[in-house]
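What follows is a single structure, written as structure tokens, with notes after it.
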Amino acid sequence: MRPPKKPRPVTHQRPGPVREERQAPRKDPAPQKSKTPRAKTTRSANAGKPRREAEAADQPIETHPGTPARSLPTRPRRKRTESAAPEIPLHEHRKKSSDPYPLSSKIETKRKARRKKLLLRSLALLTGIAIVAGVVWALFFSSLFTVDSESIEVAIDDPVGIVDETEVRQIAETAVGKPVLRMPGGEIESALEDLPEVLDATVTTSFPNGMAVTIDAREPIACVGTSDSCVGISDDATQIALTQEQRDSLPKITMNVDSDRAQAQLTGLIDAVSTLPEDVRARVQTASVSDSGLIEFQLDEGLVKWGSSEQNEKKARIIAVLLEQSAGTYDVTSPDAPITY
């Protein structure tokens with residue numbers, strides 16, 4: 001909307017009939033349509049008229065001397081009415097443009113509850129972390145749950161009695177004072193299995209201070225060498241220190257230990273002896289192997305010609321039957337055609 005033009009100054013007119021000049025109200029250009037709705041405003045009736053007509057209507061018209069002055073009829077002015085835009089209803093908690101946002105007691109209560117809840121969660125998290133750290137320290141690093149020497153149990157499976165229990169306990173007591181859950185069981189097992197008499201070792205812990213050691217001993221099957229200096233040997237060719245009584249109860253093996261085939265011959269002889277039934281093995285006094293690898297067993301009564309270390313299990317079953325017969329020599333060199341004479 002364009003502003004109205006300034007009124008022109010009023011000039012003195014000659015006496016005579018006064019004509020009122022009317023001007024057609026100017027038409028304002030059509031306002032462009034906007035997408036957003038706007039509040040409608042009302043214009044006063046005299047908004048489009050020039051001001052000069054209104055000012056001219058209030059002033060008297062000068063005439064010639066001697067003639068009464070006439071005044072134009074005046075019209076009552078209309079008061080301009082300014083139409084205010086309709087107020088848009090706002091939400092009770094929505095911030096107004098002219099006023100600061102007042103927090104209601106409900107919102108403030110929710111915020112306090114949220115802060116309190118967050119604080120409680122943080123305290124609970126810190127408490128949980130402290131408890132877990134304390135438990136881990138007590139179990140893995142404190143002296144509350146350590147291995148006690150009086151709580152160590154040793155179990156040995158040793159029919160011949162070649163394992164020294166004192167030596168086993170000395171190795172097991174290296175774990176005393178260490179936490180049960182961090183006890184190096186693998187290291188202790190390796191140290192025990194390094195003993196020639198020990199075939200297998202198992203170490204387990206029991207909460208809070210206990211430890212158990214289980215030993216499986218090797219079984220000597222023969223004694224290699226002379227009767228005065230023979231060395232016990234197991235089925236896996238491991239040499240075992242034996243007492244004189246233990247050496248006397250084992251068959252003596254005589255062989256040339258300096259030959260190139262000594263190791264292979266000894267292994268074959270051990271395989272043959274280990275397959276003998278226990279009652280037959282107890283009757284063996286000496287065992288020998290020739291340079292060609294032929295094996296012979298001297299019994300308390302009779303001689304067993306075993307031959308090469310082949311088909312040992314089949315030969316062991318046959319010799320158990322042949323020994324029921326009285327003979328001087330039992331020949332199972334060919335197990336399909338055994339001979340006694």
Check: [Y] and [X] side chains under 4.5 Å, non-hydrogen atoms:
| X | Y | result |
| --- | --- | --- |
| Thr286 | Ile253 | no |
| Leu266 | Ile233 | yes |
| Met211 | Val213 | yes |
| Gln285 | Leu299 | no |
| Trp306 | Leu276 | yes |
| Gln246 | Val160 | yes |
| Ile215 | Asp157 | no |

[X] versus [Y], closest heavy-atom pair with distance:
| X | Y | value |
| --- | --- | --- |
| Ala201 | Glu193 | N-OE2, 3.3 Å |
| Thr275 | Ala272 | OG1-O, 2.8 Å |
| Pro251 | Val284 | CB-CG1, 3.4 Å |
| Val203 | Met183 | CG1-CE, 3.6 Å |
| Leu242 | Arg247 | O-NH1, 2.9 Å |
| Pro196 | Ile240 | O-CG1, 4.2 Å |

Check: Lys252 side chain, Leu250 main-chain N or O, donor-acceptor pair, under 3.5 Å: yes
Side chain to side chain donor-acceptor pair (under 3.5 Å) pairs, two or more places apart, involving residues 114-123: none
Sequence neighbours excluded, every pair satisfying side chain to side chain donor-acceptor pair (under 3.5 Å) that has a member inside residues 194-223: Arg218-Asp236
Inter- and intrachain pairs under salt bridge (charged side-chain N to carboxylate O under 4.0 Å, His left out), touching residues 311-337, at least two apart: Lys314-Asp336
Selection residues 169-190 - residue pairs positive for salt bridge (charged side-chain N to carboxylate O under 4.0 Å, His left out), sequence neighbours left out: Glu165-Arg169
By side chain to side chain contact (heavy atoms under 4.5 Å, CB included) - contacts of Ser274 (at least two apart): Ile221, Asp235
How long is the span from the [atom1] atom in [X] to the [atom2] atom in [Y], to the nearest 0.5 Å?
| X | Y | atom1 | atom2 | result |
| --- | --- | --- | --- | --- |
| Leu120 | Thr127 | CG | OG1 | 10.5 Å |
| Ile270 | Ser234 | CD1 | OG | 7.0 Å |
| Leu294 | Gln265 | CG | CD | 9.5 Å |
| Leu322 | Tyr330 | CG | OH | 8.0 Å |
| Arg111 | Thr109 | CZ | OG1 | 11.5 Å |
| Glu167 | Leu192 | CD | CG | 9.0 Å |

Contacts of type ring-ring contact (aromatic ring centres under 6.0 Å, His included), residue Phe207, not counting sequence neighbours: Phe145
Derivation and outcome, side-chain contact (heavy atoms from CB on, under 4.5 Å), residues Thr146 and Val180: CA-CA 5 Å; Thr146 57; Val180 172; 5.8 Å; no
From CA spacing to verdict: side-chain contact (heavy atoms from CB on, under 4.5 Å), Arg283, Leu323: CA-CA 11 Å; Arg283 297 177 57 182; Leu323 288 177; 4.2 Å; yes
Derivation of the side-chain contact (heavy atoms from CB on, under 4.5 Å) call for Val273 and Phe297: CA-CA 9 Å; Val273 174; Phe297 298 114; 3.5 Å; yes
Steps toward side-chain contact (heavy atoms from CB on, under 4.5 Å) verdict (Ile171, Leu195): CA-CA 11 Å; Ile171 297 175; Leu195 299 175; 4.1 Å; yes
